[in-house]
Amino acid sequence: MHVMTTAPSAVEPTRSGLLRDLRSPWHAVSNLTPNWFALVMGTGIIANAAVGLPVHVPGLRAVAAAVWALAAVLLAVLTIGTVAHWVRYPGFARRHHRDPVIGNFYGAMAMAFLTVGIGAILVGRDWIGVSAALVLGVGLWVIGSALGLFFALLIPVLMLRGGHYRADAAFAGWLMPVVSPMVTAAGGAALMPYTAEGVVRSSLLWFSYGCFAFTLLASLVVLPSVVVRLVRGPAWAAPVVPTAWIVLGPLGQSITAANGLGSTAHLAVGADLATALQRFGTDYGWTVTVAVLMWTGVALLLTARTALGTAEGLPFAPTWWSFTFPVGTCVTGFSAMSAATGAAGYAVLAVAYFIGLVVGWVAAARGTVSRALVSGALLRHPDLAE
């Protein structure tokens, strides 16, 4: 249990300005659960997606670099804040990994590091230089990969032991712990041209394919439970509905990784095998595109039905960040398919999903600023007195 060092009456609530509903500045780190790292994921993916679009827009790369910088700042702030959360509120912090909802979002922490690391290599280099970008990118990729694999193994075990994997409790957030290795795979493709030739480069290629296979298999295990829950019920509560978009994450990211690795495989293996891997990437992409489009329809229907067809509508919750990163992975996947196949349809899809990504980011960011920075309501742990 948390013991406050300052009596509640000693500090009056702020009535105006930022964090006006917090009685103590320390309350700002009391509720920093792992899902907050989705802000970094959702912001960073805009930069990564923008630089890969199959259309040229003047000034877009400069904007992407600025967005990457914002994501990097958010990552630093949340990392420091998380350390402060563990130091100041260890009782709250120790609950996260066993919570049937929050525990799944430790994957967001890993993917936040990976997203900013990949972005450093793709676009951050415009601001900090290639050498610094590689040092930062590799460092964050290693940290994110290590965290991702650790949580991908730990969290499902804890959820199983806690009896949280029940049919009536299934939601798309169950995918979060196992998706990050797929982001590692996509990052491996981005790093491939900068690694030493020989054993190091070939090891990176096959490690990345191993991460690809891990997430693909794990997702195939989880997804049926989510679909069955949607079909049979009980219906998700309104704040949980946005998590339906998370399903697009492993789909879009796998297209990105398969094509990225296929296009760089020639740097590490022989011509025949490289050609086969590249062909696998495009064939895989054609197939999974169907699933992406179908699930986009499902997610749109669920979101619209909840927003327009229920009394409470779609109230803002941190789950709104599910509108961002998963959609962004579809942008990077479709952009990769456009580059690999030359199909105009993929260019159209990439631009359409990018517009959706930006709209989703604006909606999520607006709600977060209003509820977190202005009022402070989302930052205060519910167990603390108002």
Side-chain angles (χ1 to χ4, degrees), residues 45-57 60-61 64 114-115 118-119 121-123 137 141 179 181-195 201-202 204-216 219 247-296 325-357:
I45 195 65
I46 292 180
N48 299 356
V51 296
L53 283 174
V55 296
H56 175 69
V57 179
L60 183 60
R61 188 174 179 90
L114 289 166
T115 302
I118 295 170
I121 296 167
L122 296 178
V123 68
W141 181 82
V179 173
M182 190 67 81
V183 185
T184 290
L191 287 171
M192 196 75 66
Y194 303 100
T195 54
R201 186 173 284 175
S202 61
L204 175 61
L205 177 69
W206 296 120
F207 172 74
S208 297
Y209 270 115
C211 290
F212 174 95
F214 176 90
T215 293
L216 183 61
S219 298
V247 174
L248 292 179
L251 298 176
Q253 195 68 65
S254 64
I255 297 176
T256 305
N259 281 275
L261 292 171
S263 66
T264 57
H266 68 279
L267 299 173
V269 298
D272 291 343
L273 180 54
T275 300
L277 292 175
Q278 187 171 18
R279 179 62 182 272
F280 166 76
T282 54
D283 289 348
Y284 178 88
W286 285 113
T287 303
V288 178
T289 294
V290 177
V292 169
L293 297 177
M294 290 178 62
W295 194 265
T296 299
F325 186 84
V327 178
T329 67
C330 297
V331 179
T332 57
F334 291 150
S335 296
M337 285 294 290
S338 176
T341 67
Y346 275 115
V348 173
L349 285 172
V351 172
Y353 275 72
F354 184 76
I355 294 172
L357 165 62

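Any value given below was found using the heavy atoms of this structure, including those in side chains, with hydrogens, waters and symmetry copies removed.
- Considering Ile255, Thr256, Leu251 in turn, Thr256 is the only one that fulfils the side chain to side chain contact (heavy atoms under 4.5 Å, CB included) rule with Gln253.
- Here Leu191 contributes atom CG and Ile121 contributes atom CD1; the two are 4.0 Å apart, rounded to the nearest 0.5 Å.
- The shortest side-chain heavy-atom distance between Leu349 and Leu293 falls under the 4.5 Å cut-off.
- In this structure, the side chains of Leu216 and Tyr284 come closer than 4.5 Å at one or more pairs of heavy atoms.
- Atom CD in Gln278 sits 11.0 Å away from atom CG in Asp283 (nearest 0.5 Å).
- Panel note: side chain Arg201, backbone Met192; a donor-acceptor pair is recorded below 3.5 Å.
- Taking the six-membered ring for Trp and thresholds of 30 and 60 degrees, Phe212 and Tyr209 have ring planes more than 60 degrees apart, a perpendicular arrangement.
- Tyr353 OH to Thr329 OG1: the interatomic distance, rounded to the nearest 0.5 Å, is 10.0 Å.
- Using the six-membered ring where Trp is involved, Tyr346 and Phe334 have ring planes that are tilted, between 30° and 60° apart.
- For Asn48 (side chain) and Thr115 (main-chain N/O), a donor-acceptor pair under 3.5 Å exists by modelled atom type.
- Once rounded to the nearest 0.5 Å, the distance linking CG of Asn259 with OG of Ser254 reads 9.5 Å.
- Trp141 places a side-chain N or O within donor-acceptor distance of the main-chain N or O of Thr184, the cut-off being under 3.5 Å.
- Two residues are said to be in side-chain contact when any heavy atoms from C-beta on lie closer than 4.5 Å; Val269 and Trp206 meet this criterion.
- Inter-residue side-chain proximity for Val183 and Thr215 is flagged as unmet; no heavy-atom pair is nearer than 4.5 Å.
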